[in-house]
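Take a look at the structure set out below.
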Amino acid sequence: MIDVLYFAWVRERIGLPKERITTSAVTVADLVAELVAREERYAAAFADTRAVRVALDQELADFSSPIAGVREVAFFPPMTGG
Amino acid sequence: MHTVRIQDRPFSYGTESDSFAAAAGPAGAVVTFLGRVRDDGGRLSVMEIEHYPGMTERAVTAILDEAVTRWDLTAGLVIHRHGRIAPGEAIMMVATAARHRAEAFAAAEFLMDYLKSRAPFWKKEFGPDGAEWVAARDADEQALDRW
């Protein structure tokens with residue numbers, strides 16, 4: 001089981017802020033492929049993955065990063081703080 | 001004294017600046033910066049800032065720790081708000097204290113550059129024509145290269 005969090009327009013497109021899922025994905029990219037295959041709203045959120053950032057257990061990571069042992073994955077647009 | 005505060009309530013720039021300077025010890029230089037919601041000719045009614053509770057505090061603390069180490073700051077402060085903020089209101093502030101002004105200015109600029117694109121905040125603007133997420137700018141990403 002892994003918690004998947006969504007923020008900003010990624011959250012709006014998918015329609016929920018957080019879900020707990022069971023996955024056999026090895027990498028972040030695998031997880032995204034699983035989600036995209038589920039429903040159109042996921043495909044809409046991940047249509048351009050260059051516009052999406054990922055964090056694993058609250059640390060920035062890459063789509064090629066492995067997710068073994070990770071408890072929390074978050075997807076969001078490029079950050080706009082300050 | 002290195003402090004990170006992520007909060008939805010407003011803060012007083014004057015009060016925070018005074019207490020920061022008072023607690024900054026023997027530093028000869030204190031730099032403060034205030035970021036506010038721009039009022040672009042009335043096109044913006046309110047800004048809403050979303051963040052990632054937990055990661056925000058971690059990321060901002062890591063950025064401040066890096067600044068403290070690189071410029072040997074005697075004190076550092078980051079306050080960043082989330083939630084709904086009106087034009088003209090304060091979004092965030094940074095304060096740095098160092099022996100000399102060059103270090104204090106450089107550390108403040110470093111903090112601003114990193115908070116812009118490495119702290120998990122997202123701005124959404126609400127105006128008469130609807131709502132829109134603020135897009136990250138390439139220039140903000142490139143600004144990190146100089147550090």
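Numbers restart at 1 for each chain; the letters A, B, ... are given by sequence-line order, proteins then strands.
- The candidate with the highest count of non-hydrogen atom pairs below 4.5 Å against chain A, out of B/A62, B/G54, B/A59, is B/G54.
- Interface residues of residues 72-82 of chain A toward chain B, defined by a heavy-atom distance below 4.5 Å and sorted by number: A/E72, A/A74, A/F76, A/P77, A/P78, A/M79, A/T80, A/G81, A/G82.
- Evaluation of the side-chain contact (heavy atoms from CB on, under 4.5 Å) rule for B/T74 yields B/A27, B/A97 as partners, not counting sequence neighbours.
- To the nearest 0.5 Å, atoms CG (A/L31) and OG (A/S65) are separated by 12.0 Å.
- For A/F46 and A/Y42, the ring centers are positioned 6.0 Å apart or more.
- The parts of A/A8 that come within reach of chain B are both its backbone and its side chain, each placing non-hydrogen atoms under 4.5 angstrom from that chain.
- Evaluation of the side-chain contact (heavy atoms from CB on, under 4.5 Å) rule for B/M112 yields B/F33, B/M92, B/V94 as partners, not counting sequence neighbours.
- Within a 6.0 Å sphere centred on CZ of B/R99, other residues, nucleotides and ligands contribute 12 heavy atoms or fewer.
- Using a 4.5 Å cut-off between heavy atoms, B/H51 contacts chain A through its backbone alone, with no side-chain atom that close.
- Nearest heavy-atom pair, B/L44 versus B/E125, reported as atom, atom and distance to 0.1 Å: CD1-CB, 3.3 Å.
- With a 4.5 angstrom heavy-atom cutoff, B/R118 touches chain A via backbone and side-chain atoms both.
- In terms of the side-chain hydrogen bond (donor to acceptor under 3.5 Å, both in side chains) criterion, residue partners of A/D30 (sequence neighbours excluded) are, by chain and number, A/T27.
- With a 4.5 angstrom heavy-atom cutoff, B/K123 touches chain A via backbone and side-chain atoms both.
- Between A/R38 and A/E19 there is a salt bridge, with a side-chain nitrogen of the basic residue lying less than 4.0 Å from a carboxylate oxygen of the acidic one.
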TODO: In sequence, state the C-alpha distance, the side-chain angles, and the governing distance for B/F110 and B/W71, and then conclude on ring pair (Phe, Tyr, Trp, His ring centres under 6.0 Å).
DONE: CA-CA 10 Å; B/F110 168 91; B/W71 287 281; 5.2 Å; yes
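- For chain B, the nearby part of A/R11 is the side chain; its heavy atoms alone come within less than 4.5 Å.
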